[in-house]
S.K.: 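The structure under discussion is supplied below as structure tokens; questions concerning it will follow.
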Amino acid sequence: MSDTASPPSPALVARVEDLGKSYGTSSTRVDALRGVTLGLRRGEFTAIMGPSGSGKSTLMHIMAGLDSPSSGRVWLAEQEIGGMTDAELTLLRRRRIGFVFQSFNLVPTLDIEGNLLLPFELDGRRPDPEERAWIDRLETLLGLGGRLRHRPHELSGGQQQRVAIARALATRPDLVFADEPTGNLDSRTGREVLELLASASREHGQSIAMVTHDPIAAGYADRILFLADGVLVDDRPRLPAAEISSIMLAMEAAA
Amino acid sequence: MTGRVPGLLVAALGSAFGVALLQISGALTATAEADPDVGASATVGTLLTALALVFMAIAVYVGAIVTVNTVATVVAGRARRIALLRLLGSSAVAQRRAIAREGLITGAVGALLGAVLGTLAARGIVEVGVALGWLPRPAYGWASPALAVPVVAVVLTTWLSSWLGSRRVLTVTPLQALGSSEQLSAEEVRARPVRNATAVVLAVLGTAVLLLGVGVGLVSPLGVLIGVLGGILSFSGLVMGAHLVMPPALALVGRLLGRGAAGRLAAANARRHPERSSRTTIGLVIGVTLVTMFGVAIESFRRMVEAAQAAQPDVYQGIGPMLDATTAVFSVLVGFSALIAGVGLVNSLSLSVLQRTRELGLLRAVGFSRSQLSRMVLAESAQLTITGVLVGLLLGGFYGWCGAQALLGSAPGVGTLIPPGIPWTVLAVVVVVAAVLTVVAAAAPARRAARLSPVAALGVE
Ligand SMILES: Nc1ncnc2c1ncn2[C@@H]1O[C@H](COP(=O)(O)OP(=O)(O)OP(=O)(O)O)[C@@H](O)[C@H]1O
Ligand SMILES: [Mg+2]
């Protein structure tokens, strides 16, 4: 296996090779991923699409070190994360990966500022001046100026998601993972959230991987990967939403 | 652990305690009546029964607070399911009745179980006393109509507290089932002007009466009776206003927990539901206050006696061991309420960690390590216990000293002010028990939190 593995390229921020993941025992076995090989390019905004149950979330969890694969190998930048201990994975998530989930991204007992600074606090340090300046920029970008002392439940769903994105960006991680970040939002609020992600990638070279069902959301991405039934079936550069939509329809018809 | 097992345990403990007290005092009364020296005076029996009832009432009261809290916590955790049922057309009152009915059954089963256990324990204790030659075998039948009192009291209070604790069902709207991401049930402390005013008036008035008792105590030992009245009034005010007093105390102790992410989140968690944390800690406060109060009062008395003894050695002979025994007996009797409060604290913490599964998964995802999560839970537990114990020690010290002063201030040769005696043994036991409680309460939830897989936790509804 390892002799066939090509060395990780510096242009790739994350990579998986022949990734497999199955749940359950032999009788109830579900193969969520069946031999996926792909690389995410540094600085790019990648969308991962596919029908429900195609394995998108599973792929994301494994690439982010939240879950372990049944077979295959996983790299973040030059580092293989397959055999890492729980403590190593924890540090990886804290320092080098950012997360945005569909909902419930913020710690309810901390105010907005507290949520933004949580990754630093976990490391037992304060942001250095350069990081502080970056966080200030993010806060300006959020447009929540006077509300940094508010707690999450005092914000709207879209505002909460934007805070979650700012938190994910705060440590300038190698890679930000977002699993249906606009899934709970109306289209206008969703657009604001997507703008924030796209501008982080465009203006600051942030690498982002976003799982989504929504062709409009995927239209913001530089590259779109299509997953079906646990297999990578298509890999496209930036596309208009209408075209993404027809690819998805064709895939669902084939299934 | 759902709400049912601890509910049963609390009901059983309360009823076992009450029944055991009545059985033992019954057996002792029977012994006293058989003793030709003491004779068939009704006073011994009445006195013992009255004492038993007082301690039983304290235990049942603490048990009721614990039950209200358990039910409220369970209801908060079920809010989403309740909302779904509401959405499908179930009425809030029907839901609440179901919870109260569950409480009635739990109370009945627990109380009967407790009655059996209490009787067995009482018989065991008396047997030991007989075997050691402390008392003759009592002519006592182990069954008396009075035993129904603790059983009925426990059933009724469990039922009533389930009803009170389920009040929150009424505030759950069907809309919550469709609910957004927000899981924080902002349990606002609604302004309750009447309750707050009553609490403040009781506390202020009670303290004034207590101090009056201390003043009167300078000329007559009857001052202690005024003092007792003031003590009961002011302490009732405090318990009633716990939601005003405990959160600031928790915040203060929370600052001591360190500034790391784990400590800060723990501090925030303990204050997240002020009403619930107040109830979780107030039971402990009641227990520790009473234990400390008796300890300080008796120790102050001992100091005075020792001074007097130097002058007249033979008059006070043998009083030392008697005081030790009194302290021990009172501590155990009052400590039982603290034990019930401890069960409540353990349960409260496990439930709240269980209900935060999703949040714990999020913390793991953003980079909390396993040990940071465990530390957070331990710090939460420590915050609750330390606050309860500290407040209890302060109050108990104050009440105990007031009592001693009011009773003994007029005794010849004492001087105007008695320095409070510090019962070191009692304090040491309280601190050790508190430390054990902290660890015990945190053990299971901390292990659970550390074992949690982030992916599984994030998938929880
Ligand atoms: N813990 C689990 N146990 C068993 N099967 C699972 C588990 N988690 C996921 N699966 C299965 O793995 C497959 C892929 O799931 P996954 O959540 O990755 O899909 P998805 O593409 O994210 O779907 P959606 O768009 O609906 O979120 C599904 O068939 C799912 O039922
Ligand atoms: Mg998914």
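Chain letters run A, B, ... following the sequence lines, proteins first, then strands; residues in each count from 1.
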S.K.: Please walk me through it: do A:T90 and B:S369 pass side chain to side chain donor-acceptor pair (under 3.5 Å)?
M.R.: CA-CA 6 Å; A:T90 299; B:S369 66; 6.0 Å; no

S.K.: Heavy-atom cut-off 4.5 Å, strictly under: side chain, backbone, both or neither for B:Q372 against chain A?
M.R.: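 For B:Q372, side-chain heavy atoms alone lie under 4.5 Å from chain A.
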
S.K.: Is any side-chain heavy atom of B:R279 less than 4.5 Å from a side-chain heavy atom of B:V68?
M.R.: yes

S.K.: Which atoms of A:L117 come close to chain B, meaning under 4.5 Å heavy atom to heavy atom: side chain ones, backbone ones, both, or neither?
M.R.: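 No part of it gets close to chain B.
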
S.K.: Is any side-chain heavy atom of A:S207 closer than 4.5 Å to a side-chain heavy atom of A:L40?
M.R.: no

S.K.: Ignoring hydrogens and angles, state whether a donor on the side chain of A:N105 or A:Q160 is under 3.5 Å from an acceptor on the partner side chain.
M.R.: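 No - no donor-acceptor pair under 3.5 Å links their side chains.
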
S.K.: Which bit of A:R167 is near chain B, if near means a heavy-atom gap under 4.5 Å: side chain, backbone, both or neither?
M.R.: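 Side chain of A:R167 only, per the 4.5 Å heavy-atom cut-off to chain B.
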
S.K.: Ignoring hydrogens, what is the shortest heavy-atom contact between A:R94 and A:T171? Give both atom names and the distance.
M.R.: O-CG2, 4.2 Å

S.K.: Under 4.5 Å from any heavy atom of chain B, what part of A:L118 do you find: side chain, backbone, both or neither?
M.R.: side chain

S.K.: Go through the steps to decide whether B:V455 and B:R364 satisfy the test side chain to side chain contact (heavy atoms under 4.5 Å, CB included), and finish with yes or no.
M.R.: CA-CA 9 Å; B:V455 173; B:R364 287 286 279 139; over 6 Å; no

S.K.: Please classify the contact of A:L122 with chain B as side chain, backbone, both or neither, using a heavy-atom distance under 4.5 Å.
M.R.: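 Contact with chain B is through both the backbone and side chain of A:L122.
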
S.K.: Under 4.5 Å from any heavy atom of chain B, what part of A:F101 do you find: side chain, backbone, both or neither?
M.R.: side chain

S.K.: For A:D86, which atoms come within 4.5 Å of any heavy atom of chain B: side chain, backbone, both, or neither?
M.R.: side chain

S.K.: Flag the one option from B:P454, B:S453, B:A365 with the top tally of heavy-atom pairs under 4.5 Å to chain A.
M.R.: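 If we count pairs closer than 4.5 Å to chain A, B:A365 comes out on top.
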
